[in-house]
Amino acid sequence: MQRAAALVRRGCGPRTPSSWGRSQSSAAAEASAVLKVRPERSRRERILTLESMNPQVKAVEYAVRGPIVLKAGEIELELQRGIKKPFTEVIRANIGDAQAMGQQPITFLRQVMALCTYPNLLDSPSFPEDAKKRARRILQACGGNSLGSYSASQGVNCIREDVAAYITRRDGGVPADPDNIYLTTGASDGISILVSGGGKSRTGVMIPIPQYPLYSAVISELDAIQVNYYLDEENCWALNVNELRRAVQEAKDHCDPKVLCIINPGNPTGQVQSRKCIEDVIHFAWEEKLFLLADEVYQDNVYSPDCRFHSFKKVLYEMGPEYSSNVELASFHSTSKGYMGECGYRGGYMEVINLHPEIKGQLVKLLSVRLCPPVSGQAAMDIVVNPPVAGEESFEQFSREKESVLGNLAKKAKLTEDLFNQVPGIHCNPLQGAMYAFPRIFIPAKAVEAAQAHQMAPDMFYCMKLLEETGICVVPGSGFGQREGTYHFRMTILPPVEKLKTVLQKVKDFHINFLEKYA
Amino acid sequence: MQRAAALVRRGCGPRTPSSWGRSQSSAAAEASAVLKVRPERSRRERILTLESMNPQVKAVEYAVRGPIVLKAGEIELELQRGIKKPFTEVIRANIGDAQAMGQQPITFLRQVMALCTYPNLLDSPSFPEDAKKRARRILQACGGNSLGSYSASQGVNCIREDVAAYITRRDGGVPADPDNIYLTTGASDGISTILKILVSGGGKSRTGVMIPIPQYPLYSAVISELDAIQVNYYLDEENCWALNVNELRRAVQEAKDHCDPKVLCIINPGNPTGQVQSRKCIEDVIHFAWEEKLFLLADEVYQDNVYSPDCRFHSFKKVLYEMGPEYSSNVELASFHSTSKGYMGECGYRGGYMEVINLHPEIKGQLVKLLSVRLCPPVSGQAAMDIVVNPPVAGEESFEQFSRESVLGNLAKKAKLTEDLFNQVPGIHCNPLQGAMYAFPRIFIPAKAVEAAQAHQMAPDMFYCMKLLEETGICVVPGSGFGQREGTYHFRMTILPPVEKLKTVLQKVKDFHINFLEKYA
C-alpha cells in the first residue's frame with residue numbers, strides 16, 4: 001500500500017500509454033481493424049476522477065492509516081535503499097497490531113486453526129486432544145466439514161451458540177440468545193441499515209470526541225450526520241451525560257439523532273466506564289429514543305485495579321424490564337484485541353438486543369449479499385469465546401500465555417502513563433484500559449505558526465517531525481477529534497517493554513527538543 | 001441463519017420482556033432507583049423498524065439466499081425433528097459452494113495454509129518442501145511473521161506481486177503491475193467497493209450501472225444499496241446467452257433519458273448463464289465502452305471454469321491491450337477474481353483480488369483510503385489467493401499430486417451431462433453450459449400454474465421452485481431472482497454435486513417437471 005501510494009503522490013501512475021502498449025502497436029492495429037469506427041489517438045479525460053467520484057467517499061477521512069502512515073512507508077523504503085537517517089527502523093506505533101509488534105499467537109488458538117485447516121493433522125500425536133475436540137466440533141458444523149465452504153450469512157451455528165454461552169458467563173447469567181448473534185468481518189458490517197431520511201430528518205449519529213475514526217468514516221460514507229459529544233479530559237476522559245444532553249439538543253436543529261455510539265474501554269482514550277456511567281447512558285438512550293451501539297472490543301483489556309469492565313447488555317438487563325425490553329442495543333467484539341491479538345483473521349461478532357424481528361430479516365438479507373464472514377475468522381472467534389478450561393490438557397499453557405500478555409500490558413500501561421507525565425508539556429491520563437496512550441501535548445505558538453505555513457494541523461506537524469527525527473509513527477489527535485486548541489497523539493503500548501521504554505525516551509527527548517526549538 | 005429467520009417469520013422474536021428480566025425485578029428496581037426520572041412501564045415503538053430503516057437497504061433483493069433458501073432451512077429442521085417427507089435430505093443446489101457438495105480441498109493449498117497458521121509445523125517431516133517454501137515466503141511478508149497481523153490495506157506486497165505474475169502468464173505476457181492489484185474479501189467486496197466509489201450525482205445525472213439480465217444478484221443488490229440506477233441489458237437466450245452490442249446500445253440510449261450511464265458490468269464466464277464470451281464479442285464490448293465512455297467492470301471469477309471444447313477464456317485486460325494504445329491507455333477497467341470458484345472452491349476463506357487499469361492516480365489514493373477504513377482483507381484469504389496464483393509447477397515435489405487433484409475434468413463432464421439430460425425433458429430447454437458452475441434452463445410453466453402462483457402472490461418460477469423443494473428436497477433459485485425476459489421462466493442449479501448425485505437430482509427434476517406439467521395442464 002505504502003509503495004503504491006508513494007508512487008501516486010509522485011504522480012508516477014499510469015498516466016501515459018505503457019511502453020508495452022506502444023511496442024505492440026502493429027498487433028493492436030490488426031486487432032482494432034475489425035472495428036467499424038476506428039478510434040482517434042488522443043489522451044482522454046478519465047471517467048472516474050476526484051470530480052466525478054462519489055462525494056461521500058471523498059469526504060471519508062481515516063487517520064489511523066492516513067498521510068503519516070504513508071510517510072512512514074516512504075521512510076522505510078528509504079532506509080531499505082540505504083539512505084541514512086537518525087534511526088535504523090520505523091516503529092509503527094500508529095495501530096493496535098499486537099502480533100506485528102512481536103506478540104506471539106496463543107498456541108491453543110493456532111493449534112485448533114491448523115487442525116481445522118488441514119484435518120489430516122487430527123491423526124497427529126503432536127496436537128493435544130482438547131484442540132482436536134474443538135476442531136472436530138467446528139468442522140462438523142461446516143458444510144462438507146470444511147472451512148472452505150460458505151457458512152450461513154449470520155455465521156456458523158455452533159459458533160454463535162458458543163458466543164452466546166460466553167456472553168452469558170461474562171454477564172453473570174444474563175441470558176444470550178444465539179439468534180441474536182451475528183458473526184462479522186468487522187464492526188462496520190450492517191450499520192447502513194440505521195441511516196435514513198433527508199434534510200433535517202437525516203439520521204444523526206452521536207460519537208465521542210476523541211473517537212476511533214471508523215465511526216466518522218462510515219458516517220461520511222453513508223452521508224449521515226455526525227453529532228459530536230466530548231469526553232471529559234480533565235476527568236480521565238469520562239463520559240458525562242450532561243454533555244450528551246447538550247449534544248443531542250443542539251443536533252435536533254439540523255438532523256434526527258437516532259444512534260448513540262459508545263466505545264468502552266475507550267479508543268483512543270483508554271478510559272473504562274463505571275457502572276453508574278453506563279446506567280446513565282442507557283437511561284439517556286431510553287429517554288431520547290436512541291439506538292445504542294456499544295463498541296466493546298477492548299473488554300478484556302482493563303488494567304487499572306480500580307476499574308472493571310461492565311457490558312452494556314448486563315447493565316441494561318439489571319436496570320429492569322422497562323429498559324431491557326425497550327432499549328435497542330448492538331454490541332461488538334472482535335478477535336483482534338484482548339490477549340489474542342488475531343487482527344489478520346478479521347473475526348468478530350455483534351449481539352443485538354430488542355431488534356425488531358423484521359429488521360433481523362433485513363439484516364440477514366443485507367449480510368447475505370456478501371455471502372458470509374471469513375470462516376477461518378469465525379473459527380478464531382470460537383476459540384476466543386471457548387478457550388481451554390481447568391482440567392483440560394491445554395489449560396495450563398493457555399493460562400500462562402494469556403496472563404503473560406495481559407500482565408505485560410498492564411505494566412506497560414502504567415509505565416507509559418508515568419513516563420509521559422515526567423515530560424514537561426505532556427500530560428497523560430491513566431491508561432485504564434484498551435491499548436493506547438492519548439497524551440495531551442503542549443505545542444508552542446511558533447510551532448503552530450510553522451504548521452500553518454505547511455498547511456498542516458499543529459499535531460500533524462508535530463507527529464511528522466517525530467517520525468522524521470525518530471522513526472516513531474504515531475497518529476495526531478486531529479485524526480480522532482479533540483477540543484479546539486488542544487493537541488494530542490495516539491500511540492499504542494504494544495511494543496515489548498524494553499522497546500517501549502526506548503520509544504518513550506525518544507519521544508521525551510524529541511519533545512524537549514521541540515519545545516526548545518519553537519520556544 | 002435459517003433458524004433465526006424461521007423464528008422471525010413465526011413472530012417469536014423478543015417482543016415481550018424476557019422472563020429473566022421479570023425475575024430480576026427487585027435488583028432492577030434497586031438499580032434504576034439511582035436514576036432521576038423513573039421510566040414508566042409501557043411497550044414502546046422501536047427506533048429501528050421497516051418504516052424507519054434505510055430505504056435503500058430495504059430495497060435490496062438477494063435471491064441466492066432468499067426465501068427459498070430460508071424454506072430449505074425450515075425443511076431441514078423438520079427432517080431433523082423426524083417429520084416425514086417424500087425425501088430424506090435437502091440438496092442445496094442454490095449456490096456454487098463446491099466443498100459443501102463434497103469436493104475435497106486441494107491438498108497443497110491446505111498444507112501451505114496449515115503451515116502459515118501454525119509455523120511449528122515447518123519442522124514437521126510430513127509436509128513437503130515446496131509447501132514450506134511458500135509458507136515461509138508468505139510469513140516473511142507478514143507483520144511479525146504472522147497471519148495474525150493486519151496487512152497493508154491493499155494486501156500483502158508479495159502476494160500482490162504473485163498475482164501480477166499470474167496475470168502476466170495468463171495473458172501471454174501482457175504486463176501486470178502489483179500496484180494495480182488490490183486483494184479483497186472475496187470478489188463481492190471488490191465489486192461493491194469499486195461501485196461505491198463510482199456512484200455520484202442526483203436526479204437525471206445519478207450514475208447508471210449497466211448489468212446483464214440475467215445477472216448475479218450481487219450487482220442489483222449493491223446498486224440498490226448505493227441508490228444508483230440499474231440499467232438492464234438482455235443476454236440473447238436464443239444465441240447461447242451471447243452478449244450483443246446492439247442490445248448494449250439500445251440499453252444505454254434509453255437509460256440516458258433518466259440517468260448518467262457510467263459503468264458497464266460484464267460477467268464472463270456468465271453467472272447464472274454459463275456462456276463464455278468470444279474474443280470478438282469482448283472487442284466489441286471494449287470498443288463500445290470506449291465510445292460511450294463507460295467504466296468497465298469485468299467479473300472473471302469463473303476464468304478457470306470453461307468446459308466447451310470450442311470456447312476459451314479471454315481476459316478483458318488482454319484483449320484491451322491487444323486492441324492498441326488508444327484503448328489500452330484510455331479504457332478504465334477493473335477485473336475481479338476469487339479463491340471461491342475455479343478448481344479450488346475455497347469459498348470460506350473469502351479471498352479475492354481486483355486488478356485496475358487506467359485508474360486515475362488520485363482515485364487510487366481514494367481507493368486505498370476507503371479500503372483502509374476496513375483495515376485489511378482477511379490475511380488467511382490472502383494467503384489462499386497466493387496459492388491459487390502460485391501453484392506447484394513441474395519439477396516441484398507436490399506438482400504431480402496437485403495436477404491429479406484437478407476437478408475441472410469432472411466439472412466438464414457434469415456440464416455436458418446436465419445439458420443433455422435437461423434437454424430430454426419436454427418443456428425444459430437448456431443452453432450449453434460453456435463455463436461457470438450452473439445450469440440456467442428455461443422452463444415452460446402452464447397457464448394454470450401461473451394462475452396458482454398469482455393466487456399465492458408468487459412469481460411463477462418461485463412457485464415452481466417452492467414446489468420442487470417441497471416435493472423433492474432440491475433447492476434451486478428461481479430465474480426471477482436473476483432477472484429474465486418477461487414471460488420466460490428459469491431456475492439456476494449448480495452442477496457441483498458428485499456425478500452420481502447429480503444424476504439423481506436431474507432425474508428427480510425431470511420427474512417433478514413432467515408431473516407438474518400434468519398437474520397444471
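Letters go in sequence order (proteins before strands), and every chain restarts at 1. All values derive from a computational prediction rather than experimental measurement.
Considering every non-hydrogen atom in both A/Ser192 and B/Val57, the closest pair reads OG-CG2, 3.7 Å. Taking all atoms of both residues into account, the shortest heavy-atom contact from B/Thr49 to A/His356 is CG2-CD2, 4.3 Å. Contact detail for B/Thr117 and A/Tyr345: the closest heavy-atom pair is CG2-OH, 3.5 Å. Summarising the geometry of B/Ala114 relative to A/Leu121, their closest heavy-atom pair is CB-CD1, 4.4 Å, with the distance given to 0.1 Å.
A/Ile95 CD1 to B/Ser149 OG: the interatomic distance, rounded to the nearest 0.5 Å, is 10.0 Å. Atom CG of A/Asn326 is separated from atom CD1 of B/Ile47 by 9.0 Å, given to the nearest 0.5 angstrom. Atom CG in B/Leu147 sits 8.5 Å away from atom CD in A/Glu342 (nearest 0.5 Å).
Residue A/Ser336 touches chain B through its side chain alone, counting heavy-atom pairs closer than 4.5 Å. At a 4.5 Å heavy-atom cutoff, the contact between B/Leu370 and chain A is made by side-chain atoms alone.
With chain A as the partner, the residue from B/Met113, B/Lys58, B/Gln56 showing the most heavy-atom pairs under 4.5 Å is B/Lys58. Comparing B/Ala100, B/Cys347, B/Ala384 by how many heavy-atom pairs each has under 4.5 Å with chain A, the most go to B/Cys347. Taking chain A as the reference chain and counting heavy-atom pairs below 4.5 Å, the highest number among B/Gln111, B/Glu61, B/Met344 is found for B/Gln111. Among B/Ser192, B/Gly381, B/Gly186, the residue making the largest number of heavy-atom pairs under 4.5 Å with chain A is B/Ser192. Highest contact tally toward chain A, considering only B/Cys116, B/Gly348, B/Gly345, is held by B/Gly348 [criterion: heavy-atom pairs under 4.5 Å]. Highest contact tally toward chain B, considering only A/Gly143, A/Gly144, A/Gly148, is held by A/Gly148 [criterion: heavy-atom pairs under 4.5 Å].
Here the side chain of B/Lys262 pairs a donor or acceptor atom with the backbone of A/Ser52 at under 3.5 angstrom. B/Glu332 contributes a side-chain N or O that, together with a main-chain N or O of A/Leu48, makes up a donor-acceptor pair within less than 3.5 Å. Between the side chain of A/Arg370 and the main chain of B/Asp189, no donor-acceptor pair closer than 3.5 Å is present. Side chain of B/Ser200 to main chain of A/Asn54: no donor-acceptor pair is present (N/O by atom type, distance under 3.5 Å, no hydrogens or angles).
B/Glu225 has no carboxylate O lying under 4.0 Å from a charged side-chain N of A/Lys365, or vice versa, which leaves the two without a salt bridge.
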### Task
Start with the C-alpha gap between A/Arg44 and B/Ser329, add the side-chain angles, then the distance that decides, and say whether side-chain hydrogen bond (donor to acceptor under 3.5 Å, both in side chains) holds.
CA-CA 9 Å; A/Arg44 303 205 306 192; B/Ser329 61; over 6 Å; no
### Query
side-chain contact (heavy atoms from CB on, under 4.5 Å) between A/Arg346 and B/Tyr150: does it pass, once the steps are laid out?
CA-CA 9 Å; A/Arg346 315 304 300 118; B/Tyr150 293 119; 3.7 Å; yes
### Task
Evaluate the side-chain contact (heavy atoms from CB on, under 4.5 Å) criterion for residues A/Gln362 and B/Leu50: first the C-alpha distance (whole Å), next the side-chain angles of each, then the deciding distance (0.1 Å), finally the verdict.
CA-CA 8 Å; A/Gln362 293 288 324; B/Leu50 279 189; 3.6 Å; yes
### Query
Would B/Ile363 and A/Met53 count as a side-chain contact (heavy atoms from CB on, under 4.5 Å) if you check the C-alpha gap in whole Å, the side-chain angles of each, and the deciding distance to 0.1 Å?
CA-CA 8 Å; B/Ile363 295 296; A/Met53 73 177 282; 3.9 Å; yes
### Message
Walk me through whether A/Ser146 and B/Arg110 qualify under side-chain contact (heavy atoms from CB on, under 4.5 Å).
### Response
CA-CA 11 Å; A/Ser146 171; B/Arg110 290 303 187 94; 2.9 Å; yes
